[in-house]
Amino acid sequence: MDTAPRHDIYAFIHKGLRAFMSHTLVRLGRVDVNDRAELAEVSEEVRALLALCRDHVHSENTFVHPAIAARSAGRTAAFEREHAGHEREIDALEALVAELPGSAAALRRLYLALSVFVAENFEHMQREETELNAALWATHTDDEIRAVEARIVASHQPEEMQVVLRWMLPHLAPEERAQMLGGMRAAAPAPVFEGTLALIRPLLGGRDWRKLASALGL
Ligand SMILES: [Fe+2]
């Protein structure tokens with residue numbers, strides 16, 4: 001028998017990260033190395049992805065792991081080692097982006113290195129969503145987990161949240177998207193809610209937009 005679902009601190013942000021990683025990797029694979037404008041645009045996208053990944057590791061280390069470790073000592077050790085590895089890989093990927101302009105060899109190195117980074121992160125995120133969620137759910141109430149999440153959101157600037165929302169909201173299931181935006185409408189100032197709708201509307205297909213508009217009574 002299914003029990004009521006618990007609050008999943010990882011689910012939405014990880015969907016956003018998977019979408020951003022997949023998009024950027026595919027885009028890097030088809031970029032024209034001799035088209036300077038396109039290469040600059042894709043480079044900027046890779047840098048933005050890497051900045052978000054670095055920030056994500058920092059948020060988990062700062063807010064999520066201490067909460068878990070306080071009630072199940074030792075559960076986060078392997079994940080912290082992997083995070084340290086991800087930070088080193090992000091440094092190396094940023095160095096490869098800097099070598100890009102005009103170099104097909106540098107583009108190939110970056111594409112292959114990013115593919116490995118994405119593969120490792122997909123496995124890592126799956127284990128967080130199973131092993132670390134199990135630890136969180138065994139020791140924390142949903143309200144306590146939501147409080148950890150609220151501290152993460154509060155630690156970010158509005159511009160940083162825009163990037164997160166841009167990648168997260170279009171890549172949630174319709175019900176999840178409506179749930180998140182409904183929460184935002186209740187909690188945030190009206191211009192923030194309206195700005196977010198304007199940000200994601202062009203990124204949603206007509207079908208998803210109509211579902212959202214109907215769920216929110218727009
Ligand atoms: Fe992580």
Side-chain angles (χ1 to χ4, degrees), residues 5-26 28 45-97 110 112-157 159-173 176 180:
R6 296 291 313 269
H7 184 66
D8 189 334
I9 195 169
Y10 292 107
F12 290 8
I13 182 63
H14 279 183
K15 280 192 175 183
L17 283 171
R18 289 185 185 100
F20 198 179
M21 287 176 181
S22 302
H23 164 92
T24 307
L25 179 63
V26 169
L28 198 56
E45 214 157 50
V46 178
R47 285 198 195 92
L49 169 68
L50 295 173
L52 182 58
C53 290
R54 193 189 295 283
D55 171 78
H56 180 68
V57 165
H58 179 261
S59 293
E60 288 183 351
N61 286 349
T62 307
F63 299 103
V64 184
H65 289 185
I68 297 172
R71 298 185 191 175
S72 0
R75 282 298 277 278
T76 57
F79 292 88
E80 267 147 39
R81 279 195 298 278
E82 290 183 25
H83 281 179
H86 293 164
E87 282 170 332
R88 285 192 297 274
E89 286 160 14
I90 290 167
D91 290 340
L93 287 163
E94 282 172 344
L96 288 174
V97 176
L110 175 62
L112 292 178
L114 185 65
S115 77
V116 172
F117 179 74
V118 169
E120 287 175 1
N121 270 273
F122 276 17
E123 293 195 356
H124 173 88
M125 289 190 284
Q126 185 272 341
R127 288 194 296 106
E128 288 176 333
E129 287 181 49
T130 50
E131 294 172 37
L132 291 187
N133 259 339
L136 267 175
W137 292 337
T139 56
H140 290 67
T141 66
D142 283 344
D143 283 346
E144 288 174 323
I145 296 170
R146 285 196 182 91
V148 173
E149 194 171 88
R151 290 177 63 210
I152 295 175
V153 173
S155 74
H156 286 84
Q157 299 298 318
E159 317 82 74
E160 297 169 320
M161 287 310 296
Q162 289 270 301
V163 178
V164 170
L165 293 170
R166 183 260 172 268
W167 285 102
M168 188 157 63
L169 281 168
H171 299 107
L172 299 178
E176 298 171 334
M180 223 188 128

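The figures here come from the full heavy-atom set of this structure, side chains too, leaving out hydrogens, waters and symmetry mates. Counting convention: from 1, in listed order, for ligands and their atoms alike. Please read all numbers here as calculations on a predicted model, not as lab measurements.
Using a 4.0 Å cut-off between charged nitrogen and carboxylate oxygen, Asp91 and Arg88 do not count as a salt-bridge pair.
Glu128 contributes OE2 as its N, O or S atom closest to the Fe ion (ligand 1). Counting just the N/O/S atoms of Glu60, the one with the shortest distance to the Fe ion (ligand 1) is named OE1.
With the Fe ion (ligand 1) as the vertex, NE2 of His124 and NE2 of His83 span 80° to the nearest 10°.
You'll find the side chain of Arg6 reaches within 4.5 Å of the side chain of Asp142, heavy atoms only.
Distance check for Glu82 against the Fe ion (ligand 1): none of its N/O/S atoms falls below 2.8 Å. Taking 2.8 Å as the criterion, His56 does not count as a coordinating residue of the Fe ion (ligand 1), since none of its N, O or S atoms falls below it. When distances to the Fe ion (ligand 1) are checked against a cut-off of 2.8 Å, His86 contributes no N, O or S atom below that limit.
Taking the six-membered ring for Trp and thresholds of 30 and 60 degrees, Phe79 and His65 have ring planes more than 60 degrees apart, a perpendicular arrangement.
The 12-atom threshold is not exceeded at CZ of Arg151, counting heavy atoms of other residues, nucleotides or ligands nearer than 6.0 Å.
No donor-acceptor distance shorter than 3.5 angstrom exists from the side chain of Trp167 to the backbone of Lys15, with no hydrogens or angles considered.
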